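Step one of this worksheet: look at the structure below.
Letters A, B, ... are given to chains in the order of the sequence lines, protein chains preceding strands, and every chain is numbered from 1. Because the structure is predicted, anything quoted here is derived from the model rather than measured.
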2 protein chains.
Amino acid sequence: MAVNLKQLAELLGLSQTTVSRALNGYPEVNAETRRRVLQAARETGYRPNRAAQRLATGKAYSIGMVMPIAPGIDSDVHFGEFLAGLAEEAVKHDFHFVLNPSAPEDEEVTFRRLAASGNVDALFLAYMRANDPRIAMLKSLSIPFLVHGRSIGESRDYPFLDIDNTAAFYDAARLLIQLGHQRIALINGPEYLTFSIRRQKGMLRALSEHGLTLDEALVQHSLMTDEHGYRSMQRFLQHSQPPTAVLCSSTVLALGAVRAINQAGLKIGEDISLIAHDDVLPMLKPENFSVPLTTTRSSLRAAGARIATRLIGGILKRGEYPEQELWRAELIVRASTGPAPQK
Amino acid sequence: MAVNLKQLAELLGLSQTTVSRALNGYPEVNAETRRRVLQAARETGYRPNRAAQRLATGKAYSIGMVMPIAPGIDSDVHFGEFLAGLAEEAVKHDFHFVLNPSAPEDEEVTFRRLAASGNVDALFLAYMRANDPRIAMLKSLSIPFLVHGRSIGESRDYPFLDIDNTAAFYDAARLLIQLGHQRIALINGPEYLTFSIRRQKGMLRALSEHGLTLDEALVQHSLMTDEHGYRSMQRFLQHSQPPTAVLCSSTVLALGAVRAINQAGLKIGEDISLIAHDDVLPMLKPENFSVPLTTTRSSLRAAGARIATRLIGGILKRGEYPEQELWRAELIVRASTGPAPQK
DNA sequence: ATTTCCTCCCAAAGCGCTTTGGATATCCGT
DNA sequence: ACGGATATCCAAAGCGCTTTGGGAGGAAAT
């Protein structure tokens, strides 16, 4: 059924060399010949044998991923969504994955082994922290890599894809301030992750630009689960001066926060405003909340797909991709934000 | 640095053939020779080139997995945990993954493509439903596969790994009945998944053996999130005759249920007893609940690892594995269960 | 008219392994 | 002592692709 290069070449009355070159876009082949080859390939459904390509080129055609198994990361809902994007794109190009579950303390060893194994052409890195030691390590490893997120405090000379978390939460906070809110709380992700740090920074900037400050009692860091969102919100509401608005680092956190708010008998968008960051989890759409949520939106799945594209493109040397990308999150206003209540 | 077969053979003064055979356990090689070969392989750190093996044997040395991207599955916390087990084991044997995200309606096409691609030696299947059409399809595909869970209503002649959900919830329900509970509720997973069906069945059996029945109003099916657990429990508590005990299909559901119970001012283990199924999520330990949870326990990660082992073992033809395994969940009693309250 | 230079194509080597089809040597029974 | 097992090893082919090192033929340059 499946044809191979040899058969295809025979069929066309050409040599394997020429067919291979035509298929792989090398210049030394006549335009008309290339057209014929491509057409024949299409008609016969020719698919190059990856094992043979791997052997011949020395490339692995697969990308390695160290899957952190620290509590609260591997089982994170956000992880599955990101992975789906990555995998979706990889499959299109017939790329494989080497998933390497690893506890944080073993990560360095895992990375080295993976890079040395020859089983992967590129590595992927996520869950960035401030002064993350892994990027220096990866630079020394002489294997291409791509970072999801950015470190802080490191030089910026490494390829990454990140969203502009600072700007996102700056925008969100500014909107709340413009609506008259003065006491704004923050339910953030884990404090050691850079996206959390940057979101807080963006929020702080907006506040200070308007002469406001951030009350430490109105900041909570935690794993991004429903339950933690609930508890954080509850704590805020018990404060002698509860906030009139809250920023949430995830719609998952917001889910809990909303519950706490409802339970306290407050009305979202009136008594208290809420903006959450929306990773576009198919399971949890902000427009389906009982009071539709104002969000800063950036699709996690799309980020996964983009990372796969860049990684694969780099390996295949097809096209040029920017080394660094910073996506802007969209601020989408729905019903959960409203003017600050009058005292 | 890395030696290949040829070099290793030269080093030993043997032919590649002999070395290869010694390494792969073929009989026609002298015991002493084999010892020497194995030792040399160890000392030089010889690792066979997978691409070459793939080309020579036609095996892919990788296992395919269709990752369901239906809402509430891919982003499920349980998914990441299971995947970690699978990946952990695969990495040990230098096996790759081909993750294929696919919407349910495209699954059949995806499976066929995957099987035909030659990129995988075996397929893995999960999230089983009653009369699941996928198993008949896979049987027709002439590629080994392994099912996590079991279908219902299909003939049983396919390889699977499942836990005895019926027995688990039978045991759990029986314990509650022995403690004097008469009105027992169930917070279950999605109703179309077989584990949910079986758990309910087990519970029903225990009830009917003691002349009790299951009030339909005391059964809830939903995605296994905190939030759904909360809502389900709330609904039960609003009932004119609320239950005195509850079974939960996941500790994640239990998390929400506990919150609803606390909120109602009831004491767990006294006013209301609770047993949850514990998948051993590292993030959510039943012993860390404010009132430690009685559970039926079976590690999801271990199941993932076992499935990888069986799949890989089958491909490599190393050792024999049972075709079908049914794991027994352990019933672990903690403080969340107590005698039924006196009226 | 001869040389040089492209353009376009090909034969063959090689990637590192497995496997087929012997070869050689030893040992057996008769 | 001799044909036939048996045990142990090897040379070489082959998996399906990429890539090196030409080579033929025509256009351009001298």
Run the salt bridge (charged side-chain N to carboxylate O under 4.0 Å, His left out) check on A:Glu10 and A:Lys6 step by step: do they pass? CA-CA 6 Å; A:Glu10 232 160 65; A:Lys6 193 173 174 184; 5.7 Å; no
How does protein contact run along nucleotides 10-20 of chain C, one letter per nucleotide 5' to 3', with B for base contact, S for sugar-phosphate only, - for none, heavy atoms under 4.0 Å? BBB-BBBBBBB
Could you check, using the six-membered ring where one of them is a Trp, whether B:Phe82 and B:His148 have ring centers closer than 6.0 angstrom? yes
Does A:Arg47 CZ have over 12 foreign heavy atoms under 6.0 Å away? no
Could you tell me which residues satisfy ring pair (Phe, Tyr, Trp, His ring centres under 6.0 Å) with B:Phe111, sequence neighbours excluded, listed by chain and number? none
Taking only side-chain N and O atoms of A:Thr33, does any of them lie within less than 4.0 angstrom of OP1 or OP2 on C:dC9? yes
Does the ring of B:Tyr61 carry B:Arg54 above it, NZ/CZ under 6.0 angstrom from centre and within 45° of its axis? no
